[in-house]
Amino acid sequence: MDNNNAFSEKLVTWYEENARDLPWRQTTDPYRIWLSEIILQQTRVIQGLPYYEKFVENFENVSELASADEQTVLRLWQGLGYYSRARNLHKCAKEIDKKFEKNFPKDSKSLIKLPGIGKYTSAAIASFAFKEKVPVIDGNVYRVLARVFGLDADIASGSGQKKFEELAWELIPDKNPDTYNQAIMEFGALHCTPKSPACENCIFRLECSAFQNDRQDALPVKTKKVKVKKRYFNYIVFITDEREMILNKREGADIWAGLYDYPLMETSDFLVLEDLISKSEMVSKLQPYIMSVEVSKDYKHVLTHRHIYARFFTFKLNITTEVKDLLLDENLIFYNEEEVNDLPKPVLVSRYLNDAIF
DNA sequence: AAGTCGGGGTT
DNA sequence: AACCCAGACTT
């Protein structure tokens, strides 16, 4: 409790010296606070500010907004993105104008039921307009709490969010919780930034867990959703009359770094989807990963390698799953450094590949 | 729990 | 190019 008071007091002191002068901080009008909060969802203050001014100018109160037609609202929102916010804004205004007789509900639990108002926004309106003691938890708060208190729960998971909420409840002061809420968000926005936070002159320099352990970049923990990319590896397999092949050493930080594969042209889309060769053993084994395979049927003597004519094939693998899965099953194709060094140069094609393709 | 919605700044 | 921004909603 004492520590928690120290935390909030330091934060508020910092806030009073460093807060930006923003229009929605000059009022307790729930309409204006609501408007600002909707506009600022996933939106930087700098970007949202002119829109806030526009809306306040066009609609003095929630009833005026409610009686506007949706196209007018959307036109004012134009360029701000996340347009469902605008539609929900309008829907919410109508609801308040009718069901609530032009008055905003005065507590967070009622507010959260309105369209476009979720966990964060309900807390923000209740706090800033009605002085309810409820912590706001946005991206800034997650970051500040994670770093100062070394809370490494995953903010992408429900259980992790719950832990942050518990901590937030412990920290929020009885006295002026609204100012504290403003303070912690402002601190995250201006000082404890996602990248390159100003730790050198930070008020929590001595007690910040992240700074003391040099974990600023690691916190907050947010598991990234592994999105499957479609990568199309279009291989060109050169083979000589002596059944030799050309391999290419993969460099960089990409998949299979340091291993050898065929001369490669990667594209982000199909080159051709026809002549699927599904009979060979290799193709069937690779089938789960392959969307199309094409081998040119005409042998062309187009390349010389060490004075040996080579035959020209194109061999396409269109890989849709995580490419590393392929490596586990098919290390026949991708040689490591040691294997390559043991082989004559150019590297002989594997027996397996011979049977399959040639 | 994962996907979607977006323009824009930062690194 | 990846990440994030005073998130909410749908599936």
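Predicted model only: the values in this text are computed from it and were never measured. We name chains A, B, ... by the order of the sequence lines, and we start the count at 1 in each one.
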Of all the heavy-atom pairs spanning A:Gln216 and A:Cys199, show the shortest one and how long it is.
NE2-SG, 3.4 Å

Name the nucleic acid region contacted by A:Gly188, choosing base, sugar-phosphate or nothing; use a 4.0 angstrom heavy-atom cut-off, strictly under.
nothing

Can you tell me the distance, in whole Å, between the CD1 atom of A:Ile155 and the P atom of B:dA1?
14 Å

Just checking A:Val136: base, sugar-phosphate only, or nothing, at a heavy-atom cut-off of under 4.0 Å?
nothing

Please report the distance, rounded to the nearest Å, between CG in A:Asp217 and P in C:dC3.
13 Å

Are a donor atom and an acceptor atom from the side chains of A:Ser108 and A:Glu132 found within less than 3.5 Å of each other?
yes

Looking at A:Trp24 and A:Ile33, what are the two nearest heavy atoms and their distance?
O-CG1, 4.1 Å

Test item: side-chain donor near acceptor, A:Arg25 and A:Ser36, under 3.5 Å
no

Length of the NZ-C1' vector between A:Lys222 and B:dA2, whole Å
13 Å

In whole Å, what is the span from the CD1 atom of A:Ile117 to the C1' atom of C:dG7?
12 Å

From the set C:dG7, B:dA1, C:dC5, return the single nucleotide nearest to any side-chain atom of A:Arg143.
C:dC5

Rounding to a whole Å, what distance do you find between A:Trp24:CH2 and C:dA6:P?
10 Å

Taking atom types as modelled, is there a side-chain donor on A:Asn58 or A:Glu64 under 3.5 Å from an acceptor on the other?
no

Taking the same atom, C1', in C:dT10 and in B:dG7, what whole-Å distance lies between them?
22 Å

Interatomic distance where CZ belongs to A:Arg25 and P belongs to C:dA6 [whole Å]
11 Å

In terms of ring plane angle, is the pair A:Trp34 and A:Tyr31 parallel, tilted or perpendicular, where the classes change at 30° and 60°?
tilted

Let's see if you get this right: which residues in residues 51-74 of chain A place a heavy atom under 4.0 Å from DNA chain B?
none

B:dG3 to C:dA6 separation - P atoms, rounded to the nearest Å
24 Å

So that I know where these two stand, are A:Tyr180 and A:Tyr15 an aromatic pair - ring centroids less than 6.0 Å apart?
no

Along nucleotides 5-11 of chain B, 5' to 3', which nucleotides get a B, which get an S, and which get a -, given that the test is a protein heavy-atom distance under 4.0 Å?
BBBBB-S

Rounding to an integer number of angstrom, what distance separates C:dC9 and B:dG8 when you compare their P atoms?
24 Å

Expressed in angstrom and rounded to an integer, what is the separation of A:Glu186 atom CD from C:dA6 atom C1'?
10 Å

Should we say atom CG of A:Asp217 is surrounded by more than 12 heavy atoms from elsewhere, each under 6.0 Å from it?
no

Checking A:Glu186 side chain against A:Arg20 main chain: does a donor-acceptor pair fall under 3.5 Å?
yes

A:Asp138 CG to C:dG7 C1', in whole Å, measures 9 Å

